[in-house]
Amino acid sequence: GAVVSQHPSWVICKSGTSVKIECRSLDFQATTMFWYRQFPKQSLMLMATSNEGSKATYEQGVEKDKFLINHASLTLSTLTVTSAHPEDSSFYICSAPPVTDSYEQYFGPGTRLTVT
Amino acid sequence: ELKVEQNPLFLSMQEGKNYTIYCNYSTTSDRLYWYRQDPGKSLESLFVLLSNGAVKQEGRLMASLDTKARLSTLHITAAVHDLSATYFCAVARRLLGNLIFGKGTKLSVKP
């Protein structure tokens with residue numbers, strides 16, 4: 001099956017710093033990628049939709065200036081958490097539907113962010 | 001607004017027993033997904049259901065979809081300990097493609 005990778009798999013940063021998380025589709029192209037956030041013992045919540053070549057679409061309540069998304073190519077989307085706070089600590093997971101098969105959704109392994 | 005409700009949220013089963021997890025959703029969608037999540041891990045795809053009456057089976061798990069009732073079920077047959085995990089159903093938002101997730105069912109299978 002298709003593979004989505006995320007880097008890093010875990011990161012610890014200090015309050016006020018910025019962290020970049022990469023999401024790559026390794027063997028397929030994706031014009032759209034989705035970024036989800038999962039707090040402990042909770043479900044996944046969509047943060048934003050990343051669109052190749054255009055601006056990301058953010059869900060209500062998600063600060064676009066804090067969570068910067070860039071979809072630089074058909075295989076790479078990045079999420080940058082700026083001025084991180086402890087409440088940003090969470091599990092961030094990306095997913096991508098392949099251009100050739102929009103019914104399938106492949107999830108990355110997730111990035112665990114801890115802000116101290 | 002698309003909402004997805006799962007029940008039960010917690011399920012403690014004995015090995016060898018059968019049980020069903022239910023997933024209701026509020027508006028029309030053309031895709032419903034079931035995922036498994038182990039602690040500290042991402043999602044593992046179990047089933048994608050695309051049409052009314054769709055039924056898919058893999059090992060001890062069987063999923064079905066009734067689009068008229070906006071209901072999907074995940075049936076567990078003769079549970080074994082290895083099935084212990086959290087199971088999520090998710091429904092695709094039409095035209096947008098992203099998934100709206102239920103709250104998850106934490107399944108614990110005890111000997």
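All values below were derived from every heavy atom in this structure, side-chain atoms included, with hydrogens, water molecules and symmetry-related copies excluded. Residue numbers begin at 1 in each chain, while the letters A, B, ... track the order of the sequences.
To the nearest 0.5 Å, atoms CZ (A/F107) and OH (B/Y35) are separated by 4.0 Å. We find the CD-CZ distance between A/Q38 and B/F101 to be 8.5 Å, quoted to the nearest 0.5 Å. Here the straight-line distance linking atom CD of B/E1 with atom CD of A/Q60 works out to 8.5 Å at 0.5 Å rounding.
The shortest heavy-atom contact between A/F91 and B/G40 is CZ-O, 4.2 Å. Nearest approach of B/G97 to A/Q105, heavy atoms of both residues: O-NE2, 2.7 Å. Closest heavy-atom contact between B/G102 and A/S43: O-OG, 2.6 Å.
With hydrophobic clusters built from ILVMFWY side chains whose heavy atoms lie under 4.5 angstrom apart, B/L74 shares a cluster with B/V80. A/Y106 and A/M47 are members of different hydrophobic clusters when ILVMFWY side chains are connected at heavy-atom separations under 4.5 Å. Hydrophobic cluster membership differs between B/V91 and A/F34, with clusters built from Ile, Leu, Val, Met, Phe, Trp and Tyr side chains linked at under 4.5 angstrom. When hydrophobic clusters are built by joining Ile, Leu, Val, Met, Phe, Trp and Tyr residues whose side-chain heavy atoms come closer than 4.5 Å, directly or via intermediates, A/L79 is grouped together with A/Y58. Hydrophobic clustering of Ile, Leu, Val, Met, Phe, Trp and Tyr side chains at less than 4.5 Å, counting indirect connections, keeps A/F28 apart from A/M33.
Around atom OH of B/Y19, no more than 12 heavy atoms belonging to other residues, nucleotides or ligands sit under 6.0 Å away. The neighbour count for A/F39 CZ, taken as heavy atoms of other residues, nucleotides or ligands under 6.0 Å away, is above 12. More than 12 heavy atoms of other residues, nucleotides or ligands shown are found within 6.0 angstrom of CE on B/M13. The neighbour count for A/K66 NZ, taken as heavy atoms of other residues, nucleotides or ligands under 6.0 Å away, is above 12.
Heavy atoms of A/I93 lying under 4.5 Å from chain B belong exclusively to its side chain. For a residue to count as touching a neighbouring chain, one of its non-hydrogen atoms must lie under 4.5 Å from one of that chain's; by this rule B/E44 does not touch chain A.
The most heavy-atom pairs under 4.5 Å with chain A, out of B/N98, B/L43, B/T86, B/I100, come from B/N98.
Against chain A, the residues from residues 47-58 of chain B that qualify, each with a non-hydrogen atom under 4.5 angstrom away, are B/V48, B/L50 in number order.
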Please set out all donor-acceptor pairs under 3.5 angstrom arising from side-chain atoms of residues 4-13 of chain A, sequence neighbours excluded.
residue: A/Q6; atom: OE1; partner: A/C94; partner atom: N; Å: 3.1
residue: A/Q6; atom: OE1; partner: A/G110; partner atom: N; Å: 3.0
residue: A/Q6; atom: NE2; partner: A/Y92; partner atom: O; Å: 3.0
residue: A/Q6; atom: NE2; partner: A/T111; partner atom: OG1; Å: 3.2

- [ ] For the pair A/Y36 and B/L99, evaluate side-chain contact (heavy atoms from CB on, under 4.5 Å) and give the outcome as yes or no after the intermediate values.
- [x] CA-CA 10 Å; A/Y36 296 86; B/L99 302 186; 3.5 Å; yes

